[in-house]
Structure formats: structure tokens, C-alpha cells
Peer 1: 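Attaching a single structure in C-alpha cells format; questions to follow.
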Amino acid sequence: MEIDLAFIWAGLIAIAVLAYVILDGFDLGVGILFPLYPEEHQRDLMMNTVAPVWDGNETWLVLGGGGLFAVFPLAYATIMPALYAPLIVMLLALIFRGVAFEFRWRTKRGKFLWDWAFAGGSLIATFSQGVALGALVQGIKVANRAYAGGWWDWLTPFSLLTGVALVVGYALLGSTWLVMKTDTEVRDKARLQARLTGIGTLALIGAVSLWTPFQNAVYLERWFAWPAMLFSGIVPLLVLLCAFLLFKGLAGKRDYVPFLASLGIFVLCYIGIGISFYPYMVPPSLTIWDVAAPDESLGFLLVGTVVLLPMILAYTAYAYWVFRGKVDPSEGYH
Amino acid sequence: MFENFDATLLARIQFAFTVSFHIIFPAFSIGLASYLAVLEGLWLWKKDEAYMKLFHYWKKIFAVTFGMGVVSGIVMSYQFGTNWSVFSDKAGPVIGPLMGYEVLSAFFLEAGFLGIMLFGLNRVGPKLHFFATLMVAAGTLMSAFWILSVNSWMQTPAGYAINDVGQYVPADWWAVIFNPSFPYRLVHMVLAAYLTTAFVVGAVGAWHVLKDDGRDRGAQIMFSMALWMAALVAPLQILAGDFHGLNTLEHQPAKVAAMEGHYETRSGAPLILFGLPDDEQERVRYAIEIPKLGSLILTHSLDGEVKGLKEWPKEDRPPALIVFWSFRIMVAIGFAMLAVGLWSLWRRWRGGLFEDKWLARFAVVMGPSGFVAVLAGWITTEVGRQPYTIYGLLRTSDSVSPLGAPAVGASLIAFIIVYFAVFGAGTFYLLRLMKRKPDIGFNDEDIGPTRTAGITPAPAVDAGRVMNPAE
């Protein structure tokens with residue numbers, strides 16, 4: 001049996017992007033919620049919940065970009081120019097929020113500036129990612145191995161909606177993360193925010209799901225084709241189950257439940273998007289096999305990935321384990 | 001407002017700008033990560049708290065530098081696709097997997113252990129913490145390995161074939177990775193990173209030695225360590241640079257001709273010390289030359305033949321003026337570094353290393369020299385590769401995305417504003433961190449949970465005198 005390397009890689013890239021979404025999702029979410037916590041000690045605490053891990057979280061974004069370049073160069077070469085504006089804005093926003101982790105501790109007078117850089121950068125980066133996702137769902141015009149659309153094709157009501165949806169979704173991840181990692185007044189506030197963003201997230205998931213088939217009728221066909229239908233029937237039910245666990249967890253004592261339930265919602269939505277796309281990587285014209293690099297490239301990188309990825313997961317898990325549990329407010333890093 | 005500009009030129013300026021800013025941070029953090037590992041290793045070995053204090057001192061500087069390196073690096077990983085999509089499509093199958101390995105073997109390693117290195121000493125204990133520091137250092141070196149392999153392949157492509165849609169595809173991975181210029185470039189760049197760090201550490205040490213009349217032990221330790229590096233690594237670097245140059249002569253003779261300002265092919269070529277290469281008139285104006293020395297350096301023979309730029313059609317030549325001067329700046333700094341190293345050796349032999357104010361002043365002035373040399377060197381090799389992105393195979397003008405000038409121009413302006421604002425602030429904070437006294441100072445706010453027992457008592461007396469780093 002021939003091994004379909006392109007298929008394997010599509011799965012691995014999908015996992016990398018998912019890892020990015022849920023990992024950087026919660027720390028971007030903490031940034032989005034930042035302005036709602038005016039007290040300096042609360043902000044310090046929020047920052048310290050993510051400071052040891054944000055570098056690693058953002059590395060998944062580099063893997064998403066670099067991995068696409070390595071194994072699906074044509075997808076990389078067409079998606080990037082098509083999403084030029086939102087991606088450049090995202091990169092600039094990530095600069096502001098990334099440096100804020102260190103800079104805000106280095107100044108007293110300018111601290112508020114870097115607080116705004118962190119909050120604004122997180123918000124804008126998230127919104128740009130959501131817009132980029134929506135633009136990809138809409139489809140990208142390709143001719144002669146190059147992007148063939150206009151510079152504003154990405155900007156539509158649908159992509160703005162997905163932008164808003166991702167902001168609310170990341171805020172949900174951020175608030176449930178804070179519930180898990182903090183105590184007392186920050187946690188109480190985060191609980192309330194988690195309820196609100198939870199309702200918002202579910203509503204927006206519904207809106208995006210209902211609108212998606214109108215972007216391209218193919219999506220509807222794929223959802224109701226056999227055997228995907230089995231899944232498209234179950235996914236909404238599982239989302240509801242996760243939503244139930246989320247609200248039950250927020251009312252209960254086990255503070256890690258809401259975060260895990262929110263992660264569940266994200267994973268399920270992601271699988272839903274995967275079903276809509278497959279087998280296309282650059283909808284509506286290029287499949288994963290159209291854009292894949294030759295097998296020599298795919299095989300070469302796969303050999304190392306098989307060894308390195310489990311190691312990465314192991315030491316990433318270890319780093320999270322080292323910094324497990326509630327963050328002690330007195331234990332600031334700086 | 002950009003209608004009259006050439007989108008390719010704007011894309012080139014944008015890449016040059018973002019990559020130049022980016023390289024500054026890894027050039028420093030590669031060396032600094034190794035330095036931190038050495039300091040922590042010495043602390044574990046000699047049980048001398050002074051090394052741990054220095055570790056904490058430089059750790060904060062590393063964290064700020066590394067953060068800036070990460071965010072400017074993410075830009076690079078997307079820049080290929082946004083602005084150079086044709087290049088990405090054609091070269092992706094060859095260099096993409098190498099960059100994939102960089103992410104998997106280097107970036108994750110650095111980022112995964114960075115949190116433990118910065119915040120985890122009390123949670124994991126000294127031994128595991130040292131392991132984390134080593135992993136961060138290994139990650140930075142691994143990253144240099146892969147990205148320099150990528151760059152070298154673009155300079156001296158090997159081990160590839162061309163498929164039916166016009167992509168370069170791998171034929172022999174070993175030949176791709178260990179392409180002809182890679183070993184030289186790797187050694188030259190890693191040594192450059194170590195020297196860059198050594199001169200920053202040396203300048204900070206020298207600054208505090210001067211301010212404290214040589215009584216601050218922390219300042220003395222870093223000053224002395226840095227000068228050992230200068231004395232040992234600067235000569236090695238000059239040697240490595242010579243080998244690298246000979247390798248370039250073999251594979252990219254047009255680049256060397258531009259570096260030397262040679263337009264005519266001749267035997268017994270002079271060494272042009274200074275002058276203004278003029279690509280229009282194809283001669284070097286105001287040239288100051290030393291007869292025959294050019295041939296001697298390049299061919300190791302007085303009458304060796306050296307190729308001039310006229311060997312190539314005008315459209316295949318790199319622009320000589322930039323390459324000529326950036327090369328000279330790099331070489332001059334290299335010899336100035338050697339001078340610092342030799343001076344320090346002489347002082348060690350005659351005594352008075354910490355009393356020689358002029359040596360310390362020289363070291364302070366040389367603090368940023370490594371960055372200038374690294375940038376000048378990269379300008380030499382990258383501009384010298386023109387007019388190609390993949391040397392001899394793919395022209396720069398054929399590599400660019402189908403973008404309009406307004407799009408590239410607008411993003412370029414955004415990058416310029418954001419980079420100067422953000423990294424300007426970062427540099428300011430770094431300088432302020434370096435202004436703290438190394439031996440006296442950590443106030444409580446500054447050290448946090450990573451404080452090891454027994455650091456603060458004596459210095460606390462002096463705390464009032466210490467400049468508050470947060471002011």
C-alpha cells in the first residue's frame with residue numbers, strides 16, 4: 001500500500017494549527033480581557049499565568065507558517081498574498097503584545113502603555129486571525145499557481161463575523177483559563193465573563209455555521225454526504241454537551257472543568273471546519289495533493305517529525321506541569 | 001502614494017529592513033544563551049554566588065532580547081509567503097523542510113525550556129534548571145544551523161532537480177543541507193554571534209569597572225571573561241572569514257569581484273583599500289591601492305589571476321559600491337576586535353587589566369561593534385548575491401509576489417514605524433538593565449521568586465545608592 005504523505009501532512013498541519021488556536025487562544029484571550037481588570041496587581045497576576053508558556057504557544061504559529069511553506073508550498077504561496085492585509089496586521093499586533101510581556105516590567109511610568117499594547121495587540125491579532133479564517137472559507141482565487149484576486153477580497157461581512165466570533169471565543173478560553181489559574185476576585189470576575197462569552201461564543205458558532213453554506217454550496221453537500229453526515233450530526237450535540245459542562249463547571253468547585261469544556265468546543269468547531277474543507281486546502285480550487293511538495297520533501301521532514309513532535313509534546317507538557325496549579329499572587333516573576 | 005514605485009524594490013527594502021532588525025536579536029541571543037549556560041555551569045561547579053548573580057543579571061537582558069527576537073522572527077516566517085510567493089512556491093520543496101526542522105528542533109526547544117529557565121529555578125531545582133538553560137542554548141545553535149543551511153543553499157544551491165511545474169525539488173538531501181558554502185557560513189556566523197555577545201558583555205563590564213574604579217567583582221568577572229573571548233575568538237574569526245572568502249571566490253566569484261572593487265580581470269591584481277566603485281563607468285574612483293596584494297590574498301600567489309566584474313554581463317552583476325563598503329566596515333571591525341583582544345593579553349601579562357582606563361574605554365566604545373559587523377557582513381553576502389535570490393537560478397525580479405506597490409509600500413511604512421517604536425523602546429530598556437550594577441544590585445522588586453538564598457543582605461545596605469532600574 002502506498003503511503004499518502006500529503007494526507008498525513010495535512011493531518012499534522014491541522015494538528016499544529018489546532019494546537020496554536022487552543023494554546024495561544026487562551027493567552028490572547030487573557031489579553032483581550034485585560035482592560036476589564038483595572039487593578040495593577042490583578043494585571044500582574046493575569047500576566048504571570050501566561051508568562052512562562054506564551055513563547056511556546058506562539059511557536060505553533062511559526063510551525064503553522066513554516067510547515068505550510070515546507071510541505072504545501074503552493075498553499076503558502078497563494079494564501080499569504082491573498083490574506084496580505086489581515087496577516088500583516090496580525091504580525092504587527094503580535095509584536096506589540098509579545099514584547100509587552102517583558103517591557104511592562106521594565107518601566108513604571110510607561111507600564112500603562114505596554115498594558116495597552118498587550119490588550120490592543122491581543123484583540124487585533126485575534127480579530128485578524130478570525131478575518132483570515134473567514135476569508136479562507138469564502139475561497140481564494142488562484143490562476144497559474146498564483147493568487148489572482150484583489151487586495152480587498154478578504155473583507156466581507158462574513159469574514160468580519162468570523163473575526164468577531166474568534167475574539168469572543170478566545171475571550172472565553174481566556175476567562176476560563178483565569179478561572180483555572182487564579183483565586184479570589186480575579187476568578188470571580190472571570191467566572192462572570194466566562195458565562196457571557198460562553199453564551200456569545202455559542203450564538204456566534206450558530207451564526208457562522210448557518211452562514212457558511214451560503215459562501216459555497218459545496219460546504220452543505222459535504223456536511224450531509226455520507227459518512228461525514230454521521231459526524232455533522234454528532235458535532236452539534238457534542239458542542240451542546242461541552243456547553244453544559246462549561247456552565248455546570250462555572251457553577252461548581254472544580255475550576256479546571258470550564259477551561260477543558262471550552263477547549264472541547266474549540267476542538268469540535270475545528271473538526272467542523274476540517275469536514276467543510278476536506279479535501280481542499282485552498283478552497284475552492286486546490287486540494288491537498290495539488291499544493292503538496294514532492295514526496296522527497298514530505299518524507300524527509302516526516303522522518304524527523306515522527307521523532308521530534310512527541311518530544312516537543314513531552315517537554316511542553318512538562319513545562320505546563322512545572323507551572324501547574326493556581327498562580328500565587330505574591331510570586332511575581334519580576 | 002506608491003504608484004510610481006517598483007513593487008519589487010519595495011518588497012526588497014521591506015525584507016532587508018525586517019531581516020536586518022531581526023538578525024540583531026539572534027546575533028546577541030545565540031551568544032548570550034551560551035554565556036548564561038557557562039555562568040550557571042561555573043556556579044554549579046565552583047559554588048561561587050557571584051556567577052549566579054551574573055546569571056540573574058544577564059537573564060533579564062536575555063528575556064527582553066529573546067522576546068524581541070521571537071516577535072520579529074514570526075514576521076520572517078510569513079514574509080516569504082506574503083512578499084515572495086513565487087520564490088516560496090519554487091524553492092519551498094527544498095528549503096521549506098529545512099525551516100521546518102528549524103522550528104521543530106530549535107524554536108520549540110528554546111521556547112519550551114525558556115519558561116523554566118526564566119521562572120523555574122525554585123520549582124525544579126538547580127540541576128534541572130541548568131539542563132533547561134543548556135537546552136535553550138542548544139536551541140539557539142540548532143536554529144543557526146538550519147537557517148544558515150537555508151541561506152547557504154540560496155547562495156550555493158546543490159543537490160536539487162527541477163520538476164515539470166518549475167519547482168526546485170530535492171534530489172540529495174545531504175548535498176542540499178551541506179551545500180558548498182554552508183560549513184563556512186555557519187562557523188563564521190556562530191563565531192560572529194559569540195563575538196557580538198562578548199563585546200556587549202565586555203562593554204557592560206568595562207562601564208562598571210570604570211564607574212567603580214575596578215572594585216566591583218561582578219564587573220571584573222564579566223570584563224575579564226569577555227576579553228578572553230575577544231583574544232581567542234577574534235583571531236579565529238579572521239581566519240574563518242578568510243576561508244569563507246576563498247569559498248565565495250570559488251562559488252560566487254562575481255560577489256568577490258564586487259567586494260574587492262575589481263572590474264577588470266587581471267593577474268597580479270592590487271588590493272584596493274578605499275575608493276568609490278562606479279558601476280556605470282566600470283571603474284573605482286579615487287582608488288588607493290596596494291599592488292599585487294589582492295592576488296596574494298585571494299589566490300595566495302602574487303601573480304594569481306583575479307576575475308573582474310566585466311566577466312559578467314551588466315545585468316548579472318551585484319551592485320559594487322554597497323558590497324565594497326559593507327565588506328570593508330566588517331573587516332575593519334574585525335581587526336579592531338583583535339586589537340582589543342591583544343591589548344587585554346598584554347595587560348594580563350604586564351598586570352593592571354582592571355586599572356587600564358583606556359582599555360576599558362575602548363571596550364565600552366566597541367560594545368555595539370558586533371552588531372555593526374554582523375549587519376555589514378550580511379549586507380555583503382546578500383547584496384553580493386544579487387541579482388538572484390537563488391544564485392544563478394532564480395532572479396530576484398522573478399521571485400516576488402504579484403503584489404501592487406501600494407500594498408507593499410503601506411506595509412513597509414507600518415513595519416518601519418512599529419519596529420522603530422517597539423524595538424527602540426526595547427533597546428532603551430536593555431541599556432537601562434545594563435546600567436544596573438552587576439555585583440550590588442537586585443532590589444526586591446527586581447529579583448522576584450528566583451532569588452537564591454544569600455544574595456541580598458550586603459547589597460541591601462547599598463540599595464539606596466543604587467539606581468532603581470524601574471525609574
Side-chain angles (χ1 to χ4, degrees), chain A residues 51-53 55-56 58-59 61-63 65-71 73-74 76-81 84-85 87-88 91-92 94-96 98-99 101-103 106-108 110 117 145-148 151 293-294 296-297 300-301 304-305 308-309 312 315-316 318-319 322-323 331-334, chain B residues 63-64 67-68 70-75 77-78 80-82 85-86 88-89 92-94 96-97 99-105 107-108 111-116 118-120 123-124 163 165 167 169-170 173 401-404 407 411 414 418 422 425-426 429 432-433 445-446 448-449 470-471:
Chain A
V53 291
D55 267 320
E58 216 143 86
T59 307
L61 181 65
V62 184
L63 183 63
L68 207 59
F69 183 26
V71 293
L74 185 56
Y76 182 77
T78 47
I79 293 173
M80 299 293 156
Y84 194 77
L87 287 181
I88 298 281
L91 294 171
L92 292 171
L94 287 177
I95 290 175
F96 278 105
V99 298
F101 279 98
E102 286 298 326
F103 286 8
R106 305 268 71 95
T107 170
K108 279 206 174 83
R145 302 180 74 80
Y147 175 56
W151 299 117
E296 296 81 43
S297 306
F300 173 68
L301 189 56
T305 306
L308 291 168
L309 198 58
I312 290 168
Y315 62 66
T316 303
Y318 174 70
V322 166
F323 296 100
E331 191 186 350
Y333 140 55
H334 291 271
Chain B
V64 174
M68 292 194 280
V70 169
V71 293
S72 62
I74 295 175
V75 172
S77 77
Y78 283 80
F80 286 105
T82 52
S85 61
V86 178
S88 301
D89 178 32
V94 174
M99 293 169 82
Y101 271 114
E102 185 186 14
V103 181
L104 291 168
S105 69
F107 292 164
F108 275 110
F113 285 100
L114 181 72
I116 297 172
L118 292 180
F119 313 110
R123 285 174 183 259
V124 298
N163 71 4
V165 291
Q167 288 176 308
V169 294
W173 277 112
S401 293
L403 286 167
S411 58
V418 169
V422 169
Y429 296 140
R432 206 154 63 179
L433 283 171
E445 167 207 57
D446 218 74
E471 285 300 306

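Just so it is clear: chains get the letters A, B, ... in the order the sequence lines come, proteins before strands, and each one is counted from 1.
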Peer 1: Measuring heavy-atom distances to chain A, does B/Val75 have an atom under 4.5 Å in its side chain, in its backbone, in both, or in neither?
Peer 2: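 Both backbone and side chain.
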Peer 1: Closest approach of A/Val322 and B/Arg123, non-hydrogen atoms and distance?
Peer 2: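 Closest pair (atom of A/Val322, atom of B/Arg123, distance): O-NH1, 2.9 Å.
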Peer 1: Check whether any side-chain heavy atom of B/Phe107 sits under 4.5 Å from a side-chain heavy atom of A/Glu58, and report yes or no.
Peer 2: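 No, too far: nothing below the 4.5 Å cut-off.
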Peer 1: Examine whether an atom of B/Glu102 lies under 4.5 Å from a heavy atom of chain A, and if so say whether it belongs to the side chain, the backbone or both; otherwise answer neither.
Peer 2: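 Contact with chain A: none, neither part.
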Peer 1: Report the option among A/Ile312, A/Val62, A/Thr316, A/Ile79 that has the most heavy-atom pairs separated by less than 4.5 Å from atoms of chain B.
Peer 2: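 Of the candidates given, the most pairs with chain B belong to A/Ile312.
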Peer 1: Relative to chain B, which of A/Ile88, A/Leu87, A/Thr59, A/Leu91 shows the most heavy atom pairs under 4.5 Å?
Peer 2: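 Sorted descending by pairs with chain B, the first entry is A/Thr59.
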Peer 1: Looking at every non-hydrogen atom in both residues, tell me the closest pair between A/Val99 and B/Met68 and how far apart they are.
Peer 2: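 Looking at all heavy atoms of both residues, the closest pair is CG1-CG, 4.0 Å.
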Peer 1: Specify the closest pair of heavy atoms between B/Leu104 and A/Tyr315, including all atoms of both residues, with the distance to one decimal.
Peer 2: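 Closest heavy-atom pair between B/Leu104 and A/Tyr315: O-OH, 4.4 Å.
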Peer 1: Taking atom OG of B/Ser77 and atom CE of A/Met80, what is their separation to the nearest 0.5 Å?
Peer 2: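 One gets 7.5 Å once the value is rounded to the nearest 0.5 Å.
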Peer 1: For A/Phe300 and B/Tyr101, I'd like to know if the aromatic rings sit close, meaning centre-to-centre distance below 6.0 Å.
Peer 2: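 Yes, the ring centres sit under 6.0 Å apart.
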Peer 1: Quick check: closest heavy atoms across A/Ser297 and B/Trp173, and the distance to 0.1 Å?
Peer 2: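 Here A/Ser297 and B/Trp173 meet closest at CA-CZ2, 3.8 Å.
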Peer 1: How many angstroms lie between atom OG1 of B/Thr82 and atom OH of A/Tyr76, to the nearest 0.5 angstrom?
Peer 2: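 The OH atom of A/Tyr76 is 7.0 Å from OG1 of B/Thr82, to the nearest 0.5 Å.
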Peer 1: What residue, out of B/Pro97, B/Gly115, B/Ala425, has the most heavy-atom pairs lying under 4.5 Å from chain A?
Peer 2: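 Max contact count across the listed options: B/Pro97.
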Peer 1: Could you look at A/Leu74 and say if it's the side chain, the backbone, both or neither that has a heavy atom under 4.5 Å from chain B?
Peer 2: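 A/Leu74 touches chain B through backbone and side-chain heavy atoms alike.
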Peer 1: Looking at chain A, which one of B/Ala407, B/Ser88, B/Gly67 has the largest number of heavy-atom pairs inside 4.5 Å, strictly under?
Peer 2: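 Result: the option with the highest number of such pairs is B/Ser88.
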Peer 1: Relative to chain B, which of A/Ala77, A/Gly65, A/Ala85 shows the most heavy atom pairs under 4.5 Å?
Peer 2: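 That would be A/Ala77.
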Peer 1: So for B/Val124, is it side chain, backbone, both, or neither that comes closer than 4.5 Å to the heavy atoms of chain A?
Peer 2: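 Only the side chain of B/Val124 comes within 4.5 Å of chain A.
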Peer 1: Could you give the distance from CD (A/Glu296) to CG (B/Asn163), rounded to the nearest 0.5 Å?
Peer 2: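 So the gap between those two atoms works out to 9.5 Å.
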Peer 1: For B/Ser411 and A/Tyr84, does a side-chain donor sit closer than 3.5 Å to a side-chain acceptor?
Peer 2: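 Yes, side-chain donor-acceptor contact under 3.5 Å.
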Peer 1: Below 4.5 Å from any heavy atom of chain B, which atoms of A/Thr305 appear? Answer side chain, backbone, both or neither.
Peer 2: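 The answer is both parts of A/Thr305.
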Peer 1: Considering all heavy atoms of both residues, which atom of B/Val422 and which atom of A/Phe103 are nearest to each other, and what is their separation?
Peer 2: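 In this case the closest contact between B/Val422 and A/Phe103 is O-CE2, 3.4 Å.
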Peer 1: Based on non-hydrogen pairs under 4.5 Å, which of A/Asp55, A/Val53, A/Leu68, A/Leu92 is most in contact with chain B?
Peer 2: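 Heavy-atom pairs under 4.5 Å are most numerous for A/Asp55.
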Peer 1: Can any side-chain N or O of A/Arg106 pair as donor or acceptor with the backbone N or O of B/Arg432 at less than 3.5 Å?
Peer 2: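 Pair absent, no side-chain N/O of A/Arg106 close to backbone of B/Arg432.
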Peer 1: Counting only heavy atoms closer than 4.5 Å, note whether B/Ile116 contacts chain A via side chain, backbone, both or neither.
Peer 2: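 When you check distances to chain A, atoms from both the backbone and side chain of B/Ile116 fall under 4.5 Å.
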Peer 1: Taking all non-hydrogen atoms of both residues into account, name the closest pair between A/Pro73 and B/Pro93 and its distance.
Peer 2: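 What the structure gives for the nearest pair is CG-CD, 3.9 Å.
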Peer 1: For the atom pair OH (B/Tyr429) and OG1 (A/Thr107), what is the distance rounded to the nearest 0.5 Å?
Peer 2: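 Atom-to-atom, B/Tyr429:OH and A/Thr107:OG1 are 4.0 Å apart.
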Peer 1: Could you tell me how the ring of A/Phe323 sits relative to the ring of B/Phe119: parallel (under 30°), tilted (30 to 60°) or perpendicular (over 60°)?
Peer 2: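 Plane angle over 60°, so perpendicular.
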